[in-house]
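One structure below.
Indexing begins at 1, ligand by ligand and atom by atom, following the structure's order.
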Amino acid sequence: MDLNTAQFTSIFHFATEQGRTIVYLQYANVVICLGFFLTVAWFLTFAVIKFRHRTGDGEPQQYEGDTKLEIFWTVVPALIFIGLAVATGIVMCIVNPPAGKRQPDITVIGHQYWWEYRYPKSGVVTANELFLPLGADLMLEIKGADVIHSFWVPDFGQKMDAIPGHPNNLFLKPIREGLFLGQCAEYCGSQHSLMRIMANVVSPKEFETWIKSQSKVPAPPTDKISQHGEELFMSKTCVQCHAIGGTKATARVAPDLTHIADRKTIGAGVIANNLENLTQWIMDPQQFKPGSYMPNMRLTKSEAHDIAYYLENLK
Ligand code: CUA
């Protein structure tokens with residue numbers, strides 16, 4: 001997988017307007033709390049040094065309570081924390097506005113152990129590698145198919161849990177192009193750590209091109225190997241779980257493979273997508289992703305090769 005173009009993952013790199021708002025709130029928090037800490041630490045240090053015990057000192061002067069001072073150091077921190085709470089509330093309203101009747105631009109579904117992305121306006125369905133247009137105001141609907149997952153691309157800001165039966169909304173307005181890496185952020189089973197997200201923010205024009213290419217149904221195979229591969233795909237168990245546009249494969253249990261050849265990786269970021277790797281993957285997915293729900297179908301190497309060859313020519 002060519003991750004060299006990917007940016008180092010950090011919430012501080014914010015690639016969305018929402019991420020930026022959250023990071024600015026975080027900076028304000030840190031600056032205010034640090035200021036508070038330094039002020040208190042300074043007074044404490046000052047008092048410890050200035051009023052330290054010296055030889056010949058008798059019993060120190062005794063104080064009992066100072067109403068003014070006590071009101072001051074109760075009210076000032078209270079005001080600071082109320083200020084921070086209000087700022088946090090405002091940021092929450094900006095980042096998570098009410099969705100109302102708005103329809104999602106993309107539906108994200110967490111599965112054990114991969115991500116499904118649906119673009120309802122165009123009907124495109126893909127997996128693991130997400131495409132977003134720069135500058136668009138997007139609403140993503142985050143769902144879970146089996147257990148609770150969490151969709152998290154640190155550069156985009158907040159995490160959003162993918163809960164079965166309880167869709168959540170995630171609002172994103174991408175402000176930077178690039179490939180941003182993410183990861184399922186809620187423990188969901190043995191392959192939780194290999195449930196990666198590759199989010200590509202591209203120009204609106206590139207996005208249109210991508211949507212158009214994904215909407216196209218691949219041409220039926222014309223060469224012998226691909227035809228044999230398709231035949232095997234449709235007659236072995238593959239067809240029970242996967243969908244391929246324009247064929248009788250319509251199952252939605254596992255990733256849609258209509259345009260698998262366009263993807264950079266197999267198995268949600270586990271290995272690079274090429275003929276050799278895909279052949280090995282089909283022969284035994286467990287060698288790369290133990291616990292993956294794709295079974296070993298006990299195909300011969302030549303059968304796996306022909307299926308992989310067919311899939312790698314789906315464009
Ligand atoms: Cu899906 Cu952790």
Side-chain angles (χ1 to χ4, degrees), residues 1 3 6-11 13 15-16 18-19 22 95-96 104-120 124-132 138-172 179-201 240-243 251-257 260 263-273 277-278 281-282 284-296:
M1 164 172 43
L3 289 179
Q7 331 245 346
F8 176 72
T9 297
S10 162
I11 55 162
H13 286 167
T16 62
Q18 289 79 0
I22 294 169
V95 169
N96 299 312
D105 300 288
I106 304 168
T107 297
V108 175
I109 307 168
H111 295 258
Q112 281 172 319
Y113 303 102
W114 58 283
W115 295 97
E116 178 177 354
Y117 306 122
R118 295 185 188 173
Y119 295 74
V124 167
V125 180
T126 184
N128 304 317
E129 294 172 31
L130 179 66
F131 279 76
L132 304 171
L138 301 168
M139 185 177 108
L140 278 62
E141 183 187 39
I142 316 284
K143 293 170 150 181
D146 30 45
V147 298
I148 301 176
H149 305 268
S150 189
F151 182 84
W152 192 37
V153 179
D155 303 72
F156 288 177
Q158 63 182 337
K159 286 176 192 161
M160 192 52 75
D161 281 355
I163 304 170
H166 180 94
N168 285 323
N169 294 321
L170 178 64
F171 294 85
L172 298 176
L179 168 61
F180 302 97
L181 301 181
Q183 166 68 42
C184 178
E186 177 75 37
Y187 182 72
C188 54
S190 58
Q191 287 301 310
H192 157 69
S193 64
L194 289 175
M195 196 170 156
R196 294 181 185 145
I197 301 162
M198 284 138 279
N200 297 278
V201 175
Q240 309 285 352
C241 296
H242 292 282
R252 287 272 168 237
V253 179
D256 185 295
L257 300 178
I260 183 179
R263 291 182 209 147
K264 291 196 173 70
T265 70
I266 306 166
V270 175
I271 42 170
N273 182 11
N277 281 352
L278 188 55
W281 171 272
I282 293 169
D284 184 14
Q286 307 296 320
Q287 66 182 303
F288 302 108
K289 209 169 172 172
S292 151
Y293 284 98
M294 177 158 163
N296 178 343

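Contact record, Gln191 with Pro290: NE2-O, 2.6 Å, taken as the closest heavy-atom pair.
Between Phe288 and Trp281, the ring planes lie parallel to each other; the angle is under 30°, not in the 30° to 60° tilted range.
Here Cys188 meets the criterion, with an N, O or S atom under 2.8 Å of atom 1 (Cu) of ligand 1. Between atom 2 (Cu) of ligand 1 and Cys184 there is an N/O/S contact shorter than 2.8 Å. Here Met195 meets the criterion, with an N, O or S atom under 2.8 Å of atom 1 (Cu) of ligand 1.
Atom ND1 is the N/O/S atom of His192 found closest to atom 2 (Cu) of ligand 1. Atom O is the N, O or S atom of Glu186 at the shortest distance from atom 2 (Cu) of ligand 1. No other N/O/S atom of His149 lies as close to atom 1 (Cu) of ligand 1 as ND1 does.
Checking each of Arg118, Glu141, Glu116, Lys143 against Thr107 for a side chain to side chain donor-acceptor pair (under 3.5 Å) leaves exactly one that passes, namely Glu141. Of the residues listed (Tyr187, Trp152, Trp114), the one engaging His192 in a ring-ring contact (aromatic ring centres under 6.0 Å, His included) is Tyr187, and it is the only one.
Under the 3.5 Å distance criterion, with hydrogens and angles disregarded, no donor-acceptor pair is assigned to the side chains of Asn273 and Thr265.
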